Number of protein chains: 2
Amino acid sequence: MELEDILRERDFRLTRPRRVVWDVLSESERHLSAAEIAEEVHRRDPGINVSSVYRTLALLAELDLVRESRLTETSTWEPAHADAVIHLVCENCGATRHHDAALVEDLRAEIARTADFSPSVIDVRVSGTCAKCPAVSAAP
Amino acid sequence: MELEDILRERDFRLTRPRRVVWDVLSESERHLSAAEIAEEVHRRDPGINVSSVYRTLALLAELDLVRESRLTETSTWEPAHADAVIHLVCENCGATRHHDAALVEDLRAEIARTADFSPSVIDVRVSGTCAKCPAVSAAP
DNA sequence: GAATGTATTGCGAACGGTTTGCAAGAGGCC
DNA sequence: GGCCTCTTGCAAACCGTTCGCAATACATTC
Ligand SMILES: [Mn+2]
Ligand SMILES: [Mn+2]
Ligand SMILES: [Zn+2]
Ligand SMILES: [Zn+2]
């Protein structure tokens, strides 16, 4: 469904700030911080204010169109995706990757079975070392 | 090992703010926000300043004695624990529980095998509905 | 136990990202 | 186009956290 339809369905207007913020997010290959989004939005339309970026992010999150990740100290934004897609964060270079982990579904079942808890969203954040950053050997 | 020894080993002094912050954290059953920690610390010793609480939290985290969780918008603190202990956050009442999920180890293996990534710490955050908060039925 | 050297603290001010109040502006609908 | 209302830009307020610095208090030595 189009952004416009989703907004209209809930009686929100399709405005330029919303359009541009959404475009920036959906065209990006990676998670973006609020500052990065504001910067790119401003590049495309200098007339759009930072506060509108924040307001739009809050709205899109409310509509489940985007998700906010709190992987590190600064939170980042991206279009919503399934929770079986987990996040690998390299401790060395900071790169964040997506990875599809089949076991997440099993984990969901395990929790439902053993925890007296009804899971909805599972968020798996894995820190470690990416392929480009060979593990540094221990000091001699 | 005692807090004092761990500090001394790295040439840090055992001071009253550090002692009290650590006591508050280790005596608590649940995650605490920085504000809650500062409040309780101040109750025990009104002479201890908020900035010392922040400095101590940073130090204890550096020493891997405490961990910072970014489960919701405000981050929370607790004594460090194994990453097989995952976090269940109730969407309704906000309660955070610990749960031991055996599958986390399998997940680690799966990632190492399929992702070209060397995992160190896995952080699983599950939102859902706890036993005390029966799921609300959908509107008719 | 006092003296010494240095890490650490309390304090208040600064910081910076986010939020807010409000008048001006622009969607959507007829 | 005209109307109504939602949304925006702007600038100020907010607020949790950090910082600089002189005063303090640890730990060590005598
Ligand atoms: Mn993602
Ligand atoms: Mn925990
Ligand atoms: Zn890397
Ligand atoms: Zn609950």
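Just so we're on the same page: letters track the sequence lines, and every chain starts at 1. For the numbers below, each heavy atom of this structure counts, side chains included, while hydrogens, waters and symmetry mates do not. These numbers were taken from a predicted model, which means no experiment stands behind them.
Atom CD of B/Glu9 is separated from atom P of C/dA7 by 19 Å (rounded to the nearest Å). What separates CZ of B/Arg16 from C1' of D/dA27 is a distance of 18 Å, to the nearest Å. Atoms CD (B/Glu73) and C1' (C/dG17) sit 16 Å apart, rounded to a whole Å. Per the geometry, CD1 belonging to B/Ile48 stands 13 Å off C1' belonging to D/dA25, to the nearest Å. The separation between B/Arg19 atom CZ and C/dA7 atom P is 22 Å, rounded to whole Å. Residue A/Arg10 contributes atom CZ, which lies 17 Å from atom P of C/dG28 at whole-angstrom precision. Note: CG (A/Asn49) to C1' (C/dA23) measures 15 Å, nearest angstrom. At whole-Å resolution of the value, CG in A/Leu7 and C1' in C/dG27 are 12 Å apart.
Taking for each of A/Val53 and B/Glu4 the nucleotide of DNA chain D with the nearest heavy atom, the 5'-most of the two is the partner of A/Val53. Projected onto DNA chain D by closest heavy-atom contact, B/Ser75 and B/Arg55 fall at different nucleotides, the more 5' of which corresponds to B/Ser75.
A search for side-chain contact (heavy atoms from CB on, under 4.5 Å) contacts involving A/Glu62 returns nothing, not counting sequence neighbours. Annotation: side-chain contact (heavy atoms from CB on, under 4.5 Å) contacts of A/Ser75 (sequence neighbours excluded): A/Glu68, A/Arg70, A/Trp77.
Residue A/Ala34 is in sugar-phosphate contact alone, with no base atom involved, counting any heavy-atom pair closer than 4.0 Å across all strands shown. Here A/Ser51 lies in heavy-atom contact (under 4.0 Å) with a base.
Ring geometry for B/His87 versus B/His81: interplanar angle of 30 to 60°, hence tilted.
Residue pairs meeting the ring pair (Phe, Tyr, Trp, His ring centres under 6.0 Å) criterion with at least one partner in residues 1-26 of chain B, sequence neighbours excluded, are absent. Each ring pair (Phe, Tyr, Trp, His ring centres under 6.0 Å) pair with one or both residues in residues 110-130 of chain B, not counting sequence neighbours, would appear here, but there are none.
A/Arg97 places no side-chain N or O within donor-acceptor distance of the main-chain N or O of A/Cys130, the cut-off being under 3.5 Å.
Only one option out of A/Val66, A/Val53, A/Ile48 pairs with A/Val21 in a side chain to side chain contact (heavy atoms under 4.5 Å, CB included); it is A/Val53. A salt bridge (Lys or Arg N to Asp or Glu O under 4.0 Å) with A/Asp83 is found for one member of A/Arg108, A/Arg67, A/Arg125 and no other, namely A/Arg108.
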Atom pairs, protein N/O to nucleotides 13-16 of chain C N/O, distance under 3.5 Å:
none

Taking only nitrogen or oxygen atoms into account, show me every contact under 3.5 Å that the protein makes with nucleotides 3-7 of chain D, one pair per line with its distance.
from  : atom 1 : to      : atom 2 : distance (Å)
D/dT5 : O2     : A/Arg13 : NH1    : 3.0
D/dT5 : O2     : A/Arg13 : NH2    : 2.9
D/dC6 : O4'    : A/Arg13 : NH1    : 3.4
D/dC6 : O4'    : A/Arg13 : NH2    : 3.1
D/dC6 : O2     : A/Arg13 : NH1    : 3.2
D/dT7 : OP1    : A/Arg13 : N      : 3.2
D/dT7 : OP1    : A/Arg18 : NH1    : 3.0
D/dT7 : OP1    : A/Arg18 : NH2    : 3.4
D/dT7 : O5'    : A/Arg18 : NH2    : 3.2

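B/Ala80 and B/Asp64 get closest at one heavy-atom pair: CB-O, 3.5 Å.
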